[in-house]
Number of protein chains: 2
Amino acid sequence: MTTRDSEGLIEDRARELEDALRAKGVRITRQRAALIEVLSRAEDHPDATELHRRAQDIDASVSLSTVYRTLSVLEQQNVVHRHAFEGAPARFEPADAPHHDHIIDIETGDVLEFHNERIEKLQAEIAAELGYEVVRHRLELYCRKRKG
Amino acid sequence: MTTRDSEGLIEDRARELEDALRAKGVRITRQRAALIEVLSRAEDHPDATELHRRAQDIDASVSLSTVYRTLSVLEQQNVVHRHAFEGAPARFEPADAPHHDHIIDIETGDVLEFHNERIEKLQAEIAAELGYEVVRHRLELYCRKRKG
DNA sequence: CTATCTGCAAACCCTTTGCAGACCA
DNA sequence: TGGTCTGCAAAGGGTTTGCAGATAG
């Protein structure tokens with residue numbers, strides 16, 4: 001796949017997202033389009049300030065408040081997920097990736113993703129035993145790279 | 001066991017803690033003693049404001065800043081654990097309980113504890129596969145009570 | 001057209017900090 | 001007594017909000 005193709009795919013995804021949102025009655029403003037574009041491109045877990053910075057490269061008028069407000073809207077629409085890792089501003093990622101948990105490198109701040117079905121099941125079982133159902137969970141492994 | 005006995009045990013625990021801290025060079029002031037007393041009695045997961053309220057019942061001079069400062073000291077000394085649950089001020093608990101994770105009732109804010117050895121092991125395995133070792137982790141199940 | 005969205009600046013909330021005085025060891 | 005600890009008030013940092021003007025549909 002060429003770069004040109006993947007650019008095209010990202011833009012397609014952004015357009016689809018916009019249409020889906022419009023269909024739900026969410027207005028797509030220049031600022032929101034810029035943020036959606038940025039989120040569609042994001043392969044990491046940027047915080048609001050970083051998203052703001054990136055969005056401004058597309059449309060310099062985007063303000064930080066609008067980034068926050070739009071992120072709230074997108075979160076409600078289940079388009080992005082918000083992660084509040086320890087002692088750091090919240091970080092965001094597109095919600096279209098399959099469910100996963102996070103490993104945070106405590107030395108670099110890098111974030112890796114993983115998924116383990118057995119852990120998911122065990123969580124549900126544990127909650128059920130106590131008379132609860134899991135609505136959402138948070139599993140974060142704060143790790144250090146192994147020497148070797 | 002009578003109430004009088006358990007009161008006695010709690011006070012003993014508080015005294016032991018104070019002595020251990022003094023041995024490590026930590027000064028035990030009136031305010032710190034009050035907070036240690038409160039923590040020794042706590043069977044829940046209070047936040048700083050609530051700890052402040054309770055400490056003031058023992059010694060009205062305790063300020064919120066001192067509560068925060070002392071909590072930091074106690075956390076460094078591994079005497080309390082700090083938990084930053086989603087969208088809420090940090091909550092604290094004595095560190096003498098065995099390791100456990102938390103279930104948070106999203107309707108009431110209640111916090112339950114659980115421990116599952118299999119999950120612990122799986123976490124370590126997952127991290128190891130990616131070349132990491134787990135320094136600490138955070139597993140929180142945000143739950144709703146089951147109907148029935 | 002008009003309800004919704006925006007930028008700006010100010011407010012918010014929890015937490016931390018600088019300072020001058022208090023107090024533990 | 002000396003170094004630490006305290007209360008107070010003010011600042012910090014991320015996030016939210018009130019407002020008057022701009023704009024999507």
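All of these numbers come straight from a predicted model, not from anything done at the bench. In what follows, chains are A, B, ... by sequence order, proteins preceding strands, each numbered from 1.
Look at B/R82 and B/E75 and you find a salt bridge, because one of the NZ, NE, NH1 or NH2 atoms lies within 4.0 Å of a carboxylate O, short of that distance. Between B/R136 and A/E86, at least one side-chain N (NZ, or NE/NH1/NH2) sits under 4.0 Å from a carboxylate O, which counts as a salt bridge. In summary, B/D47 and B/R91 do not engage in a salt bridge, as defined by a charged side-chain N under 4.0 Å from a carboxylate O.
A/H83 places its NE2 atom 14 Å from the P atom of D/dT15, with the value rounded to the nearest Å. Between B/E86 atom CD and C/dC13 atom C1' there is a gap of 18 Å when expressed in whole angstrom units. As rounded to whole Å, 18 Å separates atom C1' of D/dT4 from atom NZ of B/K24. When the C1' atom of D/dT16 is taken as reference, atom CD of A/E75 falls 14 Å away, rounded to whole Å. Residue B/R32 contributes atom CZ, which lies 8 Å from atom C1' of D/dT4 at whole-angstrom precision. Put simply, NE2 on A/H52 is 18 Å from P on D/dG13, counting in whole angstrom units.
Annotation: side chain of B/V73 is not in contact with side chain of B/R69 (no heavy-atom distance under 4.5 Å). Under the 4.5 Å side-chain criterion, counting only non-hydrogen atoms from C-beta, B/T29 is in contact with B/R32. In this structure the side chain of A/L139 reaches within 4.5 angstrom of the side chain of B/Q123, judged on heavy atoms.
Hydrophobic clustering, with ILVMFWY side chains joined whenever heavy atoms are under 4.5 angstrom apart, keeps B/V134 apart from A/V111.
At its two ends the helix from C/dC1-D/dG25 to C/dA25-D/dT1 runs along axes set 40° apart, each axis drawn from five pairs and the angle rounded to 10°.
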### Message
How would you summarise protein contacts on nucleotides 14-25 of chain C per nucleotide, using B for base, S for sugar-phosphate only and - for none, with heavy-atom distances below 4.0 Å?
### Response
SSBBB----SBS
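A/T66 places no side-chain N or O within 3.5 Å of a backbone atom of A/V62 that could act as its donor or acceptor partner.
Considering only residues two or more places apart in sequence or on other chains, B/D57 meets the salt bridge (charged side-chain N to carboxylate O under 4.0 Å, His left out) condition with none of them.
Residue pairs meeting the ring-ring contact (aromatic ring centres under 6.0 Å, His included) criterion with at least one member in residues 91-112 of chain B, sequence neighbours excluded: B/H45-B/H102, B/H83-B/H102, B/F85-B/H102, B/H99-B/H115, B/H99-B/H137, B/H100-B/H102. Screening residues 93-121 of chain B for salt bridge (charged side-chain N to carboxylate O under 4.0 Å, His left out), with sequence neighbours left out, gives B/R13-B/D96, B/E107-B/R144.
The stretch residues 102-111 of chain B has no heavy atom under 4.0 Å from DNA chain D, so no residue of it qualifies as close.
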